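Here you go, one structure.
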Amino acid sequence: MPEAATAGSTFRQGLAVRGLTKIYDSHRGGETVALDRITVDAGDGEFIAIVGPSGCGKSTLLHCVAGLIPHEGGSLLLDGAAVSGPGRERAVVFQDPSLLPWRTVHGNILYGMDIQRRPAPDVAHARVESLIDLVGLRGFEAHYPFELSGGMRQRVNLARALATQPRILLMDEPFGALDAQTRELMQTELLAIWERDRKTVIFVTHDIEEAVYLADRVYVLSARPGRVQDVVQIDLPRPRTPEIKREAAFTAIELGIWRMLQGQQQKEVR
Amino acid sequence: MALVIGTAPQEGLVPARPRAPKRGEGARWHRLMLGGGFIVLFLLAWELSSRVGWIDPRFSSSPTRVVSMLLRMLVDPVFWMHVQATATGFAVGWGISVVSALLLGVSMGWYRLLRDALEPFFSALYAIPRSALMPLLLLWFGFGLTYKAILVGLLAFFPLLLNTISGIRSADATLIRMARSFGADDRQLLWTVAIPGAVPFILTGLRQSAALGLVGVIVGELFSSSSGLGYLISNAAQTFQTDRVFAVIMVLAVVGLMLNESLLRLEARLVLWQPRR
Ligand SMILES: Nc1ncnc2c1ncn2[C@@H]1O[C@H](COP(=O)(O)OP(=O)(O)OP(=O)(O)O)[C@@H](O)[C@H]1O
Ligand SMILES: [Mg+2]
């Protein structure tokens with residue numbers, strides 16, 4: 001509730017990452033600064049994309065926001081209150097599909113709801129059924145993960161996160177393993193879900209085009225240690241269709257972000 | 001309704017009927033012919049050498065003598081009494097050790113504190129050749145069921161304990177993280193991630209412990225007992241009845257094979273989720 005606001009005037013509904021710093025202790029005794037004073041705002045219903053070179057800390061940031069790992073500095077606020085661990089209002093689509101090998105497709109999609117003991121079993125099963133259609137896995141309900149392709153596993157991963165109906169979806173390169181066509185279909189479907197439910201989404205990706213297509217705002221991270229190098233507001237009209245990717249306004253933004261990342265790489269080489 | 005997406009056409013429509021399960025037939029025959037063939041060859045050689053007189057059948061018997069002895073024993077109620085004594089000793093000892101090794105293995109695998117507390121003790125116990133404890137066990141419990149069951153338990157306990165511990169400990173960190181992201185508590189992590197993941201390890205442990213338990217009960221009976229198949233063997237050997245010795249050994253071989261085979265079947269049933277090797 002609003003009175004829990006600790007961030008003073010900057011408080012708003014949604015997720016606020018303020019000056020977040022994450023340091024990993026290396027087993028060799030050294031330290032890796034994975035995130036350096038990251039600030040990201042994701043207001044209710046916003047679609048945020050995060051791009052950055054490999055190893056810049058995108059997954060780390062997502063895991064912090066999910067409440068899975070502690071951070072060393074800064075703060076992490078949900079509706080103005082500090083986040084102290086995982087919560088039902090958030091769900092993660094992991095970079096690695098992380099399916100339980102001993103559960104079928106159906107069982108895996110059910111898993112989050114099993115853990116949270118809600119909704120009632122019949123509702124949960126009905127939800128699984130509709131998600132199986134949604135991610136195009138009809139006919140594979142009884143298959144085990146080892147019998148699925150990489151892309152199919154990733155779709156189960158997505159369905160499992162959607163099944164708990166979180167307010168905030170944290171997605172870590174969810175479509176990275178898919179072929180171009182499936183990827184585009186999944187992007188469009190994700191947008192459709194988002195238009196309908198207005199979830200808050202934090203979407204990590206390598207793919208600049210994907211980020212621009214999906215997001216309201218793109219955070220560009222720099223290479224190690226991860227810092228927010230730039231924030232790009234994407235004011236393209238919604239609802240968006242794949243055709244928009246060919247438009248001049250779209251490609252201009254894409255090129256701009258590409259240059260930012262390019263500049264970084266050159267800095268790194270020097 | 002929901003748009004169907006992500007369907008490369010051949011995926012969604014025809015849920016590919018797995019063609020794999022037929023793998024059995026050819027390979028099975030191959031195994032049966034080759035493996036069975038060797039056994040037959042061995043038996044033939046044994047029979048022949050004893051007939052021709054290369055080996056003395058009084059010492060080394062022969063397949064036909066063993067089989068005819070076996071047939072006589074199988075209709076003898078005294079033999080079945082001994083079978084029952086061995087079976088009871090094995091079942092009680094194995095049962096107790098399975099239950100305790102599972103409980104302890106899961107707890108020690110999951111709770112670091114418990115592992116740190118108990119590991120040195122069990123490592124030390126494991127290092128002792130368990131047969132060295134037999135005189136002590138006899139002293140405490142005398143001949144009979146308790147002594148046998150404890151000996152079986154001591155042997156069968158460790159393989160299952162160690163396998164269970166390493167099965168639980170090898171719980172996949174990415175799966176644990178995934179489960180935690182949904183808010184799983186410690187108990188849910190154990191039951192939905194660690195224990196199912198440990199099942200293949202546990203089954204391997206079960207097979208090893210059954211084999212060792214069988215050794216335990218026979219050794220116990222050989223060493224000192226007044227009943228059981230082990231007793232039958234030592235008794236027959238002392239009275240020069242080699243046919244009898246071999247007949248009992250054959251029974252034990254069959255029992256051991258059957259035990260192993262049924263545990264393998266259980267395994268095949270429980271770990272459907274693993275790619276077949
Ligand atoms: N558990 C860990 N312990 C120590 N260092 C870690 C750990 N996880 C990540 N790191 C380090 O933190 C940095 C950021 O890793 P992270 O996985 O967040 O990168 P990423 O941006 O997601 O990369 P990619 O795009 O390749 O997935 C890397 O330098 C990595 O070596
Ligand atoms: Mg990553």
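What you see is a predicted model, and the numbers here were worked out from it, not measured in a lab. Proteins come first, then strands; the chains are lettered A, B, ... in the order of their sequence lines, and each starts at number 1.
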- Item | Between CD on residue A:Gln95 and OG1 on residue B:Thr174, distance to nearest 0.5 Å |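 A:Gln95 atom CD to B:Thr174 atom OG1 measures 11.5 Å (nearest 0.5 Å).
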- Task: Spell out the residues in residues 120-127 of chain A that have some non-hydrogen atom less than 4.5 Å away from a non-hydrogen atom of chain B, in order of number; otherwise answer 'none'.
- Result: none
- Query: For the atom pair CG (B:Leu175) and OH (A:Tyr111), what is the distance rounded to the nearest 0.5 Å?
  - Reply: 8.5 Å
- Considering only heavy atoms, which portion of A:Thr164 lies under 4.5 Å from any heavy atom of chain B: side chain, backbone, both, or neither? side chain
- Query: Are side-chain heavy atoms of A:Arg160 and B:Phe182 found at a separation under 4.5 Å?
  - Reply: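 SC-SC contact between A:Arg160 and B:Phe182 confirmed.
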- Query: Tell me, side chain or backbone of A:Leu170 under 4.5 Å from chain B's heavy atoms, or both, or neither?
  - Reply: neither
- Smallest heavy-atom separation, A:Phe146 atom then B:Trp273 atom, equals CD2-O, 3.0 Å
- Answer yes or no: are there more than 12 heavy-atom neighbours, outside B:Arg169 itself, under 6.0 Å from its atom CZ? no
- Message: Would you say that more than 12 heavy atoms from the other residues, nucleotides or ligands in this model lie under 6.0 Å from the CD of B:Gln84, or not?
- Response: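 At most 12 heavy atoms, drawn from other residues, nucleotides or ligands, come within 6.0 Å of this atom.
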- Shortest non-hydrogen separation from A:Pro86 to B:Ser181 and the atoms involved: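 Nearest pair, atom of A:Pro86 first, then B:Ser181: CB-O, 3.9 Å.
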- Task: Pull out the residues in residues 107-119 of chain B that come under 4.5 Å of chain A, heavy atom to heavy atom, sorted by number.
- Result: none
- Query: Which one of A:Leu178, A:Asp114, A:Ile69, A:Leu99 has the most heavy-atom pairs closer than 4.5 Å to chain B?
  - Reply: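 Between A:Leu178, A:Asp114, A:Ile69, A:Leu99, the count favours A:Leu99.
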- Query: Distance from A:Phe94 atom CZ to B:Arg177 atom CZ, nearest 0.5 Å?
  - Reply: 5.5 Å
- Message: Among residues at least two apart in sequence or on other chains, which ones pass ring-ring contact (aromatic ring centres under 6.0 Å, His included) with A:Tyr213?
- Response: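 Result, ring-ring contact (aromatic ring centres under 6.0 Å, His included) vs A:Tyr213: none returned.
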- Which residues in residues 186-200 of chain B have any heavy atom lying under 4.5 Å from a heavy atom of chain A? B:Arg187, B:Gln188, B:Thr192, B:Val193, B:Pro196, B:Gly197
- Query: Is it the side chain or the backbone of A:Asn157 that comes within 4.5 Å of chain B heavy atoms, both, or neither?
  - Reply: neither
- Note on the structure: chain B shares the most heavy-atom pairs under 4.5 Å, among A:Ala192, A:Gly112, A:Pro145, A:Ala161, with A:Gly112
- Query: B:Leu272 versus chain A, heavy atoms under 4.5 Å apart: side chain, backbone, both or neither?
  - Reply: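 Both backbone and side chain.
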- Rounded to the nearest 0.5 Å, how far apart are CG of A:Asn108 and CE of B:Met178? 7.0 Å
